[in-house]
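Working notes for the structure below.
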2 protein chains.
Amino acid sequence: MNEKDKLIYDAKAKVLKALAHPTRLWMAEQLSDGERCVCEFADAVDADFSTISKHLAVLKQAGIVEDDKRGKQVYYRLKVPCVLKFMSCVEAVIESQVKTQAVLIE
Amino acid sequence: MNEKDKLIYDAKAKVLKALAHPTRLWMAEQLSDGERCVCEFADAVDADFSTISKHLAVLKQAGIVEDDKRGKQVYYRLKVPCVLKFMSCVEAVIESQVKTQAVLIE
DNA sequence: TGAATATATGGCAAAATAACCAAATGTAAT
DNA sequence: ATTACATTTGGTTATTTTGCCATATATTCA
């Protein structure tokens, strides 16, 4: 792994890291259905408002979402919708894990 | 987000988290080309042997890779190859980011 | 059996992340 | 202008992650 590779993999890992939190992942998936304002997330997620705001900032920083303010509210939407196509594969990993562990129990 | 959702998103995030490290991501991508023994990674990555071993353990724990020992060496391979299909999308995010930032500079 | 090689594990310190609270900012309504 | 509302930011603490070192384990070879 050379210097250039290092930069590339840092960048890729950063994107994955942004999605690698249950709340952020859930929010990203919600956005696949259309934009949402912060308050809508606040209603659904059991966490401080500031916590949610910070999670959204992480997604934004990673380039996964973009936002715009309309009136008093800030709306977030997916900037690169393909991020969610990956989820079917993540689910495949989980299923495979479940099967592996089921075998162990037998 | 109800209790069940919480469990589901925890599980999904765990898989993403496992990939969300430059070294682990690089190793996973290497494996898309076929199995590798730990020593091959050790040659290519500038890190302690034990560090590499731990990274591989994280990938294994997440169900992304599986290993088997043959002689003195342990070989790792992808268990669910689709994890890498996602990378084209991660790259799309990065490109989009680069463009966004390029605009800011102008 | 004993030495050498390949890998894993335990322990620890440093760095990064997460969540909360309180306070700041920006916008709209009175 | 003042107040209320929506969101962000700063500060702090607890938790998690990372990476190194030293040590343990397993396997092969002499």
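Sequence lines set the chain letters: A, B, ... in the order given, protein chains first and strands last, and positions in each chain run from 1.
- Within the 4.0 Å cut-off from OP1 or OP2 of dA19(C), at least one side-chain nitrogen or oxygen of H21(A) is found.
- For D43(B), the CG atom counts as densely surrounded, since its 6.0 Å shell holds more than 12 non-hydrogen atoms of other residues, nucleotides or ligands.
- Heavy atoms of K69(A) sit under 4.0 angstrom from primed sugar atoms or phosphate atoms, though from no base atom.
- As judged by a 4.0 angstrom heavy-atom cut-off over every strand, K60(A) is placed among residues making no nucleic acid contact.
- Computed from coordinates, the F49(B) CZ to dA4(C) C1' distance equals 14 Å when rounded to whole Å.
- Note on F41(B): nothing from the nucleic acid sits closer than 4.0 angstrom, heavy atoms only.
- D10(B) has its CG atom 12 Å from the P atom of dT16(D), to the nearest Å.
- Residue K54(A) places no side-chain N or O under 4.0 Å from the OP1 or OP2 atom of dT17(C).
- Distance D67(B) CG to dT27(D) P: 13 Å, rounded to the nearest Å.
- For S50(A) and Q73(A), each mapped to the nucleotide of DNA chain D holding its nearest heavy atom, the one lying further toward the 5' end belongs to Q73(A).
- OP1 or OP2 of dT8(D) sits under 4.0 Å from a side-chain N or O of Y76(A).
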Is there a salt bridge (charged side-chain N to carboxylate O under 4.0 Å, His left out) between E66(B) and K60(B) once you walk through the steps?
CA-CA 6 Å; E66(B) 55 190 3; K60(B) 185 178 168 186; over 6 Å; no
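- For the pair R70(A) and D68(A), the salt-bridge criterion is met [side-chain N within less than 4.0 Å of a carboxylate O].
- Two residues, C37(A) and K17(A), neighbour DNA chain D, and the one matched to the more 5' nucleotide by heavy-atom proximity is C37(A).
- Both F49(A) and V45(A) sit in one connected hydrophobic cluster of ILVMFWY residues. Membership requires side-chain heavy atoms under 4.5 Å apart, directly or through other members.
- Under 4.0 angstrom from either OP1 or OP2 of dG19(D) there lies no side-chain N or O belonging to T51(B).
- In this structure, R70(B) does not reach the dA6(C) phosphate: none of its side-chain N or O atoms is under 4.0 Å from OP1 or OP2.
- Note on H55(B): a side-chain N or O is less than 4.0 Å away from OP1 or OP2 of dG19(D).
- Across the protein-nucleic acid pair, I52(B) atom CD1 and dC21(D) atom C1' stand 15 Å apart, rounded to whole Å.
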